[in-house]
Student: 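Take a look at this one; I'll ask things after.
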Number of protein chains: 2
Amino acid sequence: MEIPVNTEERIRLAAQHVFQKKGLSGARMQDIADEAGINKAMLHYYFRSKEKLFDLVFLESFQKIFPKINSILTSEDNLFQKIEHFVFEYITVINQNPHLPLFVVNELAKNPELFLQKLFSTNEGAPKVDKLIKQIEEEINKGTILPIKPVNLFLNIISLCVFPYVGKPLVQIILNMDDEQYKGLLEQRKQEVLGFVLNAIKA
Amino acid sequence: MEIPVNTEERIRLAAQHVFQKKGLSGARMQDIADEAGINKAMLHYYFRSKEKLFDLVFLESFQKIFPKINSILTSEDNLFQKIEHFVFEYITVINQNPHLPLFVVNELAKNPELFLQKLFSTNEGAPKVDKLIKQIEEEINKGTILPIKPVNLFLNIISLCVFPYVGKPLVQIILNMDDEQYKGLLEQRKQEVLGFVLNAIKA
DNA sequence: GTCTATATATGGATAGAC
DNA sequence: GTCTATCCATATATAGAC
């Protein structure tokens with residue numbers, strides 16, 4: 001994690017950090033400038049406005065999640081491989097950016113109107129879950145897994161992967177865990193989630 | 001949902017609504033005044049400052065979640081009854097306040113220092129999960145459920161209950177569902193979550 | 001208790017020197 | 001490109017009339 005020499009990149013990283021921590025309305029341009037080690041005026045020189053800077057950060061955050069999901073969902077793996085890949089890859093990504101899910105979810109919730117245009121104008125579009133849904137239905141028909149609404153299974157998997165990160169502060173209070181203990185809990189989630197899901201669906 | 005006649009109560013409800021939707025930093029006193037149908041000055045007359053008003057709203061939100069959880073967790077039910085009660089009650093509460101979990105989680109994450117004093121000074125304290133943990137261990141020893149780290153099981157249950165609400169905007173994009181469809185999905189989560197969990201742990 | 005008007009602080013954005 | 005100084009809009013908070 002060496003500090004980039006060029007100013008624009010330093011600002012980008014500082015903005016990412018501050019926005020993810022405080023959100024759009026909570027972040028101060030001064031905070032970003034301080035963290036980047038430069039002056040407030042520089043932010044406007046490079047990125048024009050707070051909103052433009054935020055849009056960039058948000059889009060980049062979004063793109064950290066979706067392409068990888070998509071490539072797994074549309075792969076040629078069978079259902080069980082796909083679930084394993086999804087769980088492992090997804091938790092790995094989140095582990096590298098633990099504040100990312102809450103940031104994305106929260107800003108999406110606060111700007112219900114903005115996200116669509118920003119997303120679909122630049123991105124390849126929302127993930128394609130059709131193939132996974134179809135695979136789930138096939139396995140149910142074959143009798144290899146128990147009947148379940150495919151959408152529910154997908155939602156369950158995502159919930160198990162993501163919530164421990166999104167809900168961290170709340171769960172820590174409930175379980176009375178310090179940061180170190182919670183980190184340990186998160187580290188073995190890949191195996192835990194995978195095992196739990198496979199148990200739940202196996203016929 | 002009739003509108004209260006007395007001003008203080010109107011402000012409280014308006015504040016709750018606006019804060020839950022926009023968060024502390026995103027909410028404007030003017031928004032709250034407008035929604036309450038009174039003047040900005042009134043807010044300060046009754047609640048002194050934005051921060052004090054927020055603290056009240058946040059604490060009330062918090063207290064909507066915890067007492068009920070606690071009473072279930074410490075009850076004399078056996079493990080399976082307890083899981084069923086927890087899932088049904090918890091999802092019912094969230095269904096009545098769908099914005100509550102994201103609000104609480106988000107503000108907790110943004111104010112890591114504030115929450116402890118505010119909470120523990122007024123509340124009966126964090127939920128007691130010890131009893132549940134012990135019950136899980138007992139059932140594992142008896143062989144009625146598969147081995148699992150008790151904390152993981154608890155975390156899994158909460159994740160399955162809460163994430164569909166917290167992650168709504170994101171999940172809706174992924175699954176390409178409109179509000180009506182998503183509402184339908186949420187309505188059958190009680191049965192879905194309970195069945196999924198029981199399948200996953202049954203020996 | 002409720003309003004209008006105003007004070008005060010904060011934060012995003014720009015001007016202009018270097 | 002980078003800085004300091006400043007402008008200006010917005011938002012919280014208060015004063016004071018009714």
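Protein chains get the first letters and strands the later ones, always in sequence-line order, with residue 1 at the start of each.
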Student: Taking any heavy-atom pair under 4.0 Å as a contact, classify B:A33: base, sugar-phosphate, or nothing.
Tutor: nothing
Student: Which whole-number value in Å describes the distance from B:F47 CZ to D:dT12 P?
Tutor: 16 Å
Student: Could you tell me whether a side-chain N or O of A:K64 sits under 3.5 Å from a main-chain N or O of A:V93, the two making a donor and an acceptor?
Tutor: no
Student: Provide, to the nearest angstrom, the distance between the CZ atom belonging to B:R28 and the P atom belonging to D:dA11.
Tutor: 5 Å
Student: Both B:L24 and A:M42 contact DNA chain D. Taking the nearest nucleotide for each, which residue is further toward the 5' end?
Tutor: A:M42
Student: Would you find a donor on one side and an acceptor on the other, under 3.5 Å apart, between the side chain of B:Q81 and the backbone of B:N78?
Tutor: yes
Student: Which of these nucleotides, C:dT14, D:dA13, D:dC3, is closest to any side-chain atom of A:H44?
Tutor: C:dT14
Student: Would you say the side-chain atoms of A:Q172 pair up with the backbone N or O of A:P169, donor to acceptor, closer than 3.5 Å?
Tutor: no
Student: Could you check which of C:dT2, D:dT2, D:dA11 has an atom nearest any side-chain atom of B:Y45?
Tutor: C:dT2
Student: Of the listed nucleotides (D:dG1, C:dT14, C:dG12), which one gets closest to any side-chain atom of A:K40?
Tutor: C:dG12
Student: From CG of B:N39 over to P of D:dT14, roughly how many Å is that when rounded to an integer?
Tutor: 15 Å
Student: Measuring to OP1 and OP2 of D:dA13, would you say a side-chain N or O of B:R48 lies under 4.0 angstrom away?
Tutor: no
Student: Choosing from D:dT2, D:dT4, C:dT4, which nucleotide comes nearest the side chain of A:A41?
Tutor: D:dT4
Student: Tell me the interatomic distance from B:D31, atom CG, to D:dT12, atom P, rounded to whole angstroms.
Tutor: 8 Å
Student: Can you measure A:D55 atom CG to C:dG12 atom P for me and round it to whole angstrom units?
Tutor: 15 Å
Student: Reckon B:M29 touches a base, only the sugar-phosphate, or nothing at all at heavy-atom distances under 4.0 Å?
Tutor: sugar-phosphate
Student: Does some side-chain heavy atom of B:K110 sit less than 4.5 Å from a side-chain heavy atom of A:N106?
Tutor: yes
Student: Think B:T7 has a side-chain N or O under 4.0 angstrom from the OP1 or OP2 of C:dG1?
Tutor: no
Student: Send over the distance from B:I11 CD1 to D:dA13 P, rounded to a whole Å.
Tutor: 14 Å
Student: A:K52 has an atom NZ; how far is it from atom C1' of C:dG12, in whole Å?
Tutor: 14 Å
Student: Please check this pair: side chain of A:Y182 against backbone of A:N176, looking for a donor-acceptor N/O pair closer than 3.5 Å.
Tutor: no
Student: Taking CD from B:Q30 and P from D:dT14, how many angstroms apart are they, rounded to a whole number?
Tutor: 17 Å
Student: Go through C:dG12, D:dA13, C:dG1 for me and flag the one nearest to the A:K50 side chain.
Tutor: C:dG12
